[in-house]
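The structure under discussion appears below in the form of structure tokens.
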Amino acid sequence: MSSINALTAIRGRFLDIQNTVAQAHDIHGQVRYVEDGLMITENGKIRWFGDWKNGQHHLPAKIEVAHYPDQLIVPGFIDTHIHFPQTEIIGAYGEQLLEWLNTYTFPTELQFSDPAYAQKIAQFFVQELLKNGTTTALVFCTVHPQSVDALFEVAEQHQMRLIAGKVLMDRNAPEDLCDTAEIAYSESKQLIEKWHGKGRNLYAITPRFAPTSTPEQLQKAGQLKAEYPDVYVHTHLSENKNEIAWVNTLFPEQKGYLDVYDHYGLTGSRSVFAHCVHLEDDEWNCLHKTNSAIAFCPTSNLFLGSGLFPLKTTWDKQVKVGLGTDIGAGTSFNQLQTIQEAYKVQQLQGNKLSAFEALYHATLGGANALDLADKLGNFNIGKEADFVVLDLNPTALQQLRQSKARGLEDSLFALMMMGDDRNIHRTYVYGQCVYVKASTSTQ
Ligand code: GUN
Ligand code: ZN
């Protein structure tokens with residue numbers, strides 16, 4: 001990898017969303033499309049961005065310009081919920097959430113007590129993210145601290161901005177996957193001290209979900225969050241109806257599922273709740289009031305038969321939301337494929353997800369959900385230079401469809417509905433090209 005001090009210059013067609021918005025219909029006005037643009041990066045950040053014709057004189061002498069005249073450059077995709085140890089169980093047959101956890105997930109996660117195994121899968125996982133144009137992710141590890149070390153070490157090698165944490169579980173799981181309230185606290189604290197803010201890494205306190213933590217453990221998690229207010233909280237919420245009924249029996253004193261987390265101080269502007277398919281009205285209000293965020297994981301919600309996430313309500317209730325793949329309940333690492341399912345889930349509810357809204361959720365909106373919109377999500381000068389070069393024509397069928405596109409929005413929508421990892425031409429992280437698609441003839 002070349003030095004990060006090196007300047008990088010990229011010329012091509014750029015598309016991003018300039019500002020965060022309060023309503024979906026405001027996104028259109030924030031779309032920025034630069035037909036022949038130039039980006040100059042320095043030390044991993046965007047130093048200059050604009051029209052090629054205005055930018056040429058900013059180019060230092062002898063700098064090589066990477067030119068992508070036939071592609072489309074968008075900000076790096078942001079995955080707001082994914083499990084790295086579940087990479088190998090994608091597409092496990094036949095179960096809904098609680099049975100799926102016992103049948104497939106827990107046995108798989110037991111393997112991550114072995115640091116060599118954790119390293120091997122962490123390498124594979126990060127490669128898969130980059131191959132799919134995902135440059136930032138909020139990631140579940142396992143209960144083993146060595147799984148967190150393995151992931152952050154690989155992220156560091158690529159200078160990726162990754163948020164991750166050790167899972168906390170002290171009941172309702174195999175004994176070898178359980179810690180205790182005290183161990184959860186002390187191991188998480190050590191990991192925060194070791195990794196949070198090291199390079200681009202950030203830490204998330206990660207109770208798996210309310211059913212696998214005792215009240216004592218959630219209290220310890222809340223204590224830790226109070227000690228380190230700028231670390232994240234990452235967990236699951238209201239994914240499946242049996243899960244919700246179980247939480248109500250385990251925590252009879254609380255008003256509902258989200259109230260469990262809220263009671264222990266686990267809501268807030270850096271708290272991300274995966275799924276939220278079946279929220280009550282007061283839970284939406286609580287997410288809004290506490291500025292907490294949701295990870296919408298359509299491929300997972302469909303695969304596990306969990307339900308249809310009401311995306312429109314996030315706008316109505318003013319709750320931050322990003323897209324999540326939720327590997328391995330989700331069925332693809334790819335955000336284009338995730339958008340395909342998001343669109344269909346909204347169609348089934350009479351809500352039209354536009355191409356620009358989908359782009360927003362996958363980039364700047366996701367960054368906002370992670371409280372990182374000041375650093376990520378678009379091409380504003382000073383932001384971190386994470387972006388993807390998309391090939392719109394990797395297959396004969398896409399080529400035909402793109403040749404009939406009725407303008408930019410239709411072209412983007414077709415890309416989203418038909419796209420997958422074949423559309424990822426290059427991935428750049430912190431100004432450096434970290435993935436190059438192997439060349440193939442059009443398939
Ligand atoms: N709820 C608790 N743990 C999990 C998990 O690993 N995946 C999903 N989708 N939901 C969960
Ligand atoms: Zn999950």
Side-chain angles (χ1 to χ4, degrees), residues 79-112 121 125 137-144 147 151 163-174 177-179 204-213 217-218 221 232-247 250-251 257-258 260-261 266 271-279 293-309 321-333 338 341 345 369:
D79 188 337
T80 60
H81 179 68
I82 185 165
H83 300 247
F84 104 80
Q86 297 176 13
T87 303
E88 67 197 67
I89 52 162
I90 298 176
Y93 176 73
E95 307 294 355
Q96 295 210 351
L97 175 64
L98 300 177
E99 298 73 26
W100 176 84
L101 284 172
N102 287 320
T103 310
Y104 299 112
T105 314
F106 292 153
T108 302
E109 293 194 4
L110 280 166
Q111 303 171 100
F112 289 73
I121 300 297
F125 172 83
L138 172 57
V139 189
F140 260 67
C141 301
T142 64
V143 72
H144 316 97
S147 72
L151 184 65
I163 314 170
K166 166 200 139 67
V167 169
L168 317 182
M169 285 204 280
D170 65 347
R171 64 168 164 175
N172 295 320
L177 272 188
C178 284
D179 51 15
I205 300 166
T206 310
R208 174 169 226 116
F209 66 158
T212 46
S213 286
Q217 186 171 66
L218 293 176
Y232 289 80
V233 173
H234 184 199
T235 189
H236 298 92
L237 172 64
S238 292
E239 176 177 4
N240 166 291
K241 291 203 171 149
N242 293 338
E243 169 207 16
I244 297 167
W246 194 21
V247 172
L250 290 170
F251 295 90
Y257 196 162
L258 179 57
V260 175
Y261 297 132
L266 296 171
S271 293
V272 179
F273 297 96
H275 306 300
C276 299
V277 174
H278 308 286
L279 292 182
I294 295 173
F296 168 29
C297 307
T299 73
S300 167
N301 296 159
L302 294 171
F303 183 73
L304 291 182
S306 303
L308 305 176
F309 176 73
V321 64
L323 283 174
T325 59
D326 193 29
I327 295 297
T331 49
S332 170
F333 273 81
T338 304
E341 302 312 291
V345 165

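Note that these values count all heavy atoms, side chains included, but never hydrogens, waters or copies made by symmetry. Residue numbers count from 1 along this sequence. Remember, it's 1-based here, ligands and their atoms both numbered in the order they're listed.
- At least one side-chain heavy atom of Leu308 sits less than 4.5 Å from a side-chain heavy atom of Leu302.
- Taking the six-membered ring where the residue is Trp, the centroids of His81 and Phe140 are separated by under 6.0 Å.
- Ligand 1 lies under 4.0 Å from heavy atoms of His83, Gln86, Leu97, Trp100, Leu101, Arg208, Phe209, His236, Glu239, His275, Asp326, Ala329.
- A side-chain hydrogen bond (donor to acceptor under 3.5 Å, both in side chains) check over residues 84-99, counting only residues at least two apart or in different chains, returns the pairs His83-Gln86, Gln86-Glu109, Glu88-Gln111, Glu88-Tyr117.
- Every residue two or more places apart in sequence or in another chain was checked for a salt bridge (Lys or Arg N to Asp or Glu O under 4.0 Å) with Asp170, and none qualifies.
- Using a 4.5 Å cut-off on side-chain heavy atoms (C-beta onward), Leu218 and Pro207 make contact.
- Counting only protein N, O or S atoms closer than 2.8 Å to the Zn ion (ligand 2) gives 4.
- Residues Phe303 and Asp326 are not in side-chain contact: their nearest non-hydrogen atoms beyond the backbone lie 4.5 Å or more apart.
- Residues Ile82 and Phe333 form a side-chain contact, since some pair of their non-hydrogen atoms from C-beta on lies under 4.5 Å apart.
- Paired with Phe273 under the rule ring pair (Phe, Tyr, Trp, His ring centres under 6.0 Å), one option of Phe209, Tyr232, Tyr261 passes, and it is Tyr261.
- In this structure, a donor-acceptor pair under 3.5 Å is absent between the side chains of His275 and Asn240.
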